[in-house]
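Proteins come first, then strands; the chains are lettered A, B, ... in the order of their sequence lines, and each starts at number 1. No hydrogens, no waters, no symmetry mates; every other heavy atom, side chains included, goes into these values. Model, not experiment: these values are computed from the prediction.
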Amino acid sequence: MEKSKRDKVKEILRRGGERADVRVMGWVRTRRDSKGGFSFLEINDGSCLSNLQVISDHNIDGFQSYSEKLHTGSCVEVSGKLVQSQGKGQSVELQAMSIKVYGGADPEQYPLQKKQHSFEFLREIAHLRPRTNTFGAVMRVRNRLAYSIHNFFQDRGFVYLHTPIITTSDCEGAGEMFQVTTLDPGSPPMVDGKTDYSQDFFGEKTSLTVSGQLEGEVYAMALSEIYTFGPTFRAENSNTSRHLSEFWMVEPEMAFYDLEDDMNLAEDFLHYLFKDVLEHCQEDLEFFNKRIDKTILERHRGIVENSFERIPYSEAIHVLEKSNKNFIYSVEWGCNLQSEHERYLSEEVFKKPVIIFNYPDEIKPFYMKANEGGETVCAMDVLLPKLGEIIGGSQREDDHEVLMKRMKAKGLDTEHYQWYLDLRRFGSAPHSGFGLGFERLVQFVTGMENIRDVIPFPRTPKHARF
RNA sequence: UCCGGUGUGGCGCAAUGGUAGCGCACUCGACUGUUAAUCGAGUUGUUAUAGGUUCGAGUCCUAUCACCGGAGCCA
């Protein structure tokens, strides 16, 4: 194989025109035979949604010897001449001069057919589903969003911080954790009737991270503005279209930001991402708009063009109370907003993203900064129509005494968080941050209904195959 | 975890308690600058698993498992 010469389908289609010496490598999506002595092949190499139509005369070099293996799913290399297409449906096509099959795909056994499959079925063949239009498009969009997230923060001077995956601190209330241990689960060393973690690999009980926030704060208090973008693990037994046991989270943390700065950043961030993806993933988004959800393009443009609604929690409760809607869960000040409430606000009242801020202290974690009076804290959630919460953030409590009090009130072991408290003892500063669930973003952008279909290999309760 | 639903050829689905069928895919043939190709013929089943009721169970009952949807928790 001559490494120097390979043309990507995306580039071929972008440049168009007639050209000799074109060589593509990719997977056959469909083959149509003509008894006129030639075949049509559609080749996809993942560089874009579109296939390249190849027309191959049956006498060309390689066709006869490989014909048996040339079916949907097989991997091929085709060299030839790019010409204007005589048929409808494509402007150019590749007239094959030689063809080679790298690996065949027995049509009797290859599970992907030339037709639509249910996403449930495709999940069972997660190793083959990237070869479908939908999953190719999802992963290209996912890739662009990840790239765009880095661009956004890097342009603003944020430092990309790698927080640890293995941790001893739970970020309070963030959910059940996966334990990390090298002890024998069958017979761990015991002391006083309990597992003796001093004999474990790290000498104490450790888990997979549920959030990099606390460690992120440490570096924000030195580098001013940081962000993390990494895997996060929650051992919650939640089985919904919006939850994964392993997912990716983006967590910026900024010194000298108050809650309003935090909300501004979150809004700018989402605006930036939607604008960027609309610009750079046109073909894929049009596909989603046509095949998955006919409203996404319009909705995304709406998000880019309009500012978000911002409403304090107390006012949101007020709006809900006088709505005359029959909610399953009744509304009163102090309650957690339920999915139905959030959806009502973002979908029916405001019809756009909504930021709710200043939540009651009692329903939020210890690290959030108390507002005057102490009833509410500087928390904010960004709600998207249909999807619900995509961002949760807050200004952090930066007063040592107040934080100590809050931790004790919520029953936390202050010893254990000494290093976190130290940030307030030495050179404390007002600071804020938020967390964005990356897969939820991909879900919203693509219109995919199930979060398991926007990550390459989903991990959910009872499912860690592949 | 709770509530509801579903589980039938490779895939998508059908079958008042009475002979398991259709579409797609696949195989063969015909036709064709084709493009969700078209036309004809053909192959494919321990009806999720284990019990039970019944003369007889895909269908009814019990349990288990899996999946889907909703809820809770959250991102």
* Asked: Rounding to the closest angstrom, what is the interatomic distance between B/G72 and B/C60 at atom P?
  -> 32 Å
* **Sugar-phosphate only, base, or nothing, as touched by A/Pro111 at under 4.0 Å among non-hydrogen atoms** => nothing
* Asked: Contact class for A/Glu120 (heavy atom, under 4.0 Å): base, sugar-phosphate, or nothing?
  -> sugar-phosphate
* So what does A/Ile391 hit on the nucleic acid, given a heavy-atom distance under 4.0 Å: a base, only sugar-phosphate, or nothing? -> sugar-phosphate
* To do: Would you confirm whether A/Arg234, through its side chain, and A/His243, through its main-chain N or O, come within 3.5 Å as a donor-acceptor pair?
  => no
* Asked: Using purine N1 to pyrimidine N3 plus N6-O4 or O6-N4 for Watson-Crick, or N1-O2 and O6-N3 for G-U wobble, each under 3.5 Å, what pairs with B/U1?
  -> B/A71
* Span that lies between the P atom of B/A41 and that of B/U53, in whole angstrom -> 46 Å
* Asked: When we call it a touch if two heavy atoms are under 4.0 Å apart, what does A/Glu251 touch: a base, just sugar-phosphate, or nothing?
  -> nothing
* Output the single nucleotide from B/U34, B/C11, B/U1 whose closest atom is nearest the side chain of A/His117. => B/C11
* Interatomic distance at P, B/G45 relative to B/C22, whole Å -> 14 Å
* May I ask you to say what A/Tyr329 touches in the nucleic acid, namely base, sugar-phosphate or nothing, with a heavy-atom cut-off under 4.0 Å? => sugar-phosphate
* **Residue pair A/Leu387 / A/Arg242: nearest heavy atoms and the distance that separates them** => O-CD, 3.6 Å
* Does A/Ser241 place a side-chain N or O at less than 4.0 Å from the phosphate oxygens OP1/OP2 of B/G70? -> yes
* Asked: Judged by atom type as modelled, is there a donor-acceptor pair below 3.5 Å linking the side chain of A/Tyr313 to the main-chain atoms of A/Gly334?
  -> yes
* Asked: Would you say a side-chain N or O of A/Arg452 is under 4.0 Å from OP1 or OP2 of B/C67?
  -> no
* To do: Determine the contact category for A/Asn450: base if any of its heavy atoms lies under 4.0 Å from a base atom, sugar-phosphate if only primed atoms, P, OP1 or OP2 are that close, otherwise nothing.
  => sugar-phosphate
* Asked: Parallel, tilted or perpendicular for A/Phe229 and A/Trp248, by the 30°/60° rule?
  -> perpendicular
* Structure fact -> A/Gln109 CD to B/C26 C1', in whole Å, measures 12 Å
* Is there a donor-acceptor pair under 3.5 Å between the side chain of A/Arg129 and the backbone N or O of A/Pro456? -> yes
* To do: Would you mind reading off the distance between A/Glu340 atom CD and B/A71 atom P, rounded to a whole angstrom?
  => 9 Å
* According to a strict under-4.0 Å criterion, is A/Arg32 in side-chain N/O contact with OP1 or OP2 of B/A37? -> yes
* To do: Go through B/G33, B/G12, B/C74 for me and flag the one nearest to the A/Phe121 side chain.
  => B/G12
* Asked: On RNA chain B, nearest-nucleotide positions of A/Leu244 versus A/Pro461: which is more 5'?
  -> A/Pro461
* To do: For B/A75 versus B/A37, give the span between their C1' atoms, rounded off to a whole number of Å.
  => 46 Å
* To do: Report yes if at least one side-chain N or O of A/Ser118 is closer than 4.0 Å to OP1 or OP2 of B/G12; otherwise report no.
  => yes
* Structure fact -> Among B/A71, B/U35, B/C26, the one nearest any side-chain atom of A/Gln338 is B/A71
* **Closest listed nucleotide, where the reference is the side chain of A/Thr30 and the choices are B/A75, B/A37, B/C74** => B/A37
* To do: Without swapping roles, check the side chain of A/Arg31 against the backbone of A/Leu70 for a donor-acceptor pair under 3.5 Å.
  => yes
* Hey, does the side-chain of A/Glu108 have a donor or acceptor N/O within less than 3.5 Å of a partner on the base of B/U27? -> no
* **A/Ser245 vs A/Lys462, nearer the 5' end of RNA chain B by closest nucleotide** => A/Lys462
* Asked: Any side-chain N or O of A/Arg123 less than 4.0 Å from the OP1 or OP2 oxygen of B/C68?
  -> yes
* Do any side-chain nitrogens or oxygens of A/Arg242 fall under 4.0 Å of OP1 or OP2 in B/G70? -> no
* **Whole angstrom value for the distance that separates P of B/U27 from NE2 of A/His71** => 6 Å
* Phosphate OP1/OP2 of B/C2 contacted by A/Asn237 side-chain N/O (<4.0 Å) -> no
* Asked: What is the pairing partner of B/A66, taking Watson-Crick or G-U wobble pairs with both distances under 3.5 Å in any strand?
  -> B/U6
* **Integer angstrom distance from the C1' of B/C61 to that of B/U27** => 43 Å
* To do: To the nearest Å, give me how far apart CZ (A/Arg465) and C1' (B/C67) are.
  => 14 Å
* Hey, is A/Phe40 doing a stacking thing with B/G33, by the 5.5 Å centroid and 30° angle criteria? -> no
* **Geometric cation-pi criterion A/Arg156 and A/Phe152, 6.0 Å radius, 45° cone** => yes
* **Between B/A25 and B/G40 - P atom distance, rounded Å** => 13 Å
* Asked: Say you pick atom P in B/G33 and the same atom in B/C67; how far apart are they, in whole Å?
  -> 49 Å
* Structure fact -> Separation of B/A37 atom C1' from A/Gln90 atom CD, nearest Å, is 13 Å
* Structure fact -> Partner of B/C28 under the Watson-Crick or G-U wobble criteria, both distances under 3.5 Å, comes out as B/G40
* To do: For B/G10 and B/C26, measure between their C1' atoms and round to the nearest Å.
  => 8 Å
* **Between B/U34 (C1') and A/Ile43 (CD1): distance, integer Å** => 15 Å
* Asked: Tell me, do A/Phe444 and A/His300 make a side-chain contact under 4.5 Å, heavy atoms counted?
  -> yes
* Asked: Counting only heavy atoms not in A/Tyr219, do more than 12 fall under 6.0 Å of its OH?
  -> no
* Structure fact -> Ranking B/G72, B/U34, B/C74 by distance to the side chain of A/Ser85, first place goes to B/U34
* **Short side-chain N/O contact to B/U34 OP1/OP2 from A/Gln53, under 4.0 Å** => no
* Asked: For the pair made of CZ in A/Phe233 and P in B/C74, what is the distance, rounded to whole Å?
  -> 20 Å
* So which nucleotide from B/U1, B/U27, B/G72 ends up closest to the side chain of A/Pro107? -> B/U27
* Asked: What is the nucleic acid contact for A/Ile328, judged by heavy atoms within less than 4.0 Å: base, sugar-phosphate only, or nothing?
  -> nothing
* Asked: With both distances under 3.5 Å as the test, what is the Watson-Crick or G-U wobble partner of B/G58?
  -> none
* **d(CG, A/Leu122; P, B/G12) in whole Å** => 9 Å
* Would one find a side-chain N or O of A/Ser339 under 4.0 angstrom from OP1 or OP2 of B/G72? -> yes
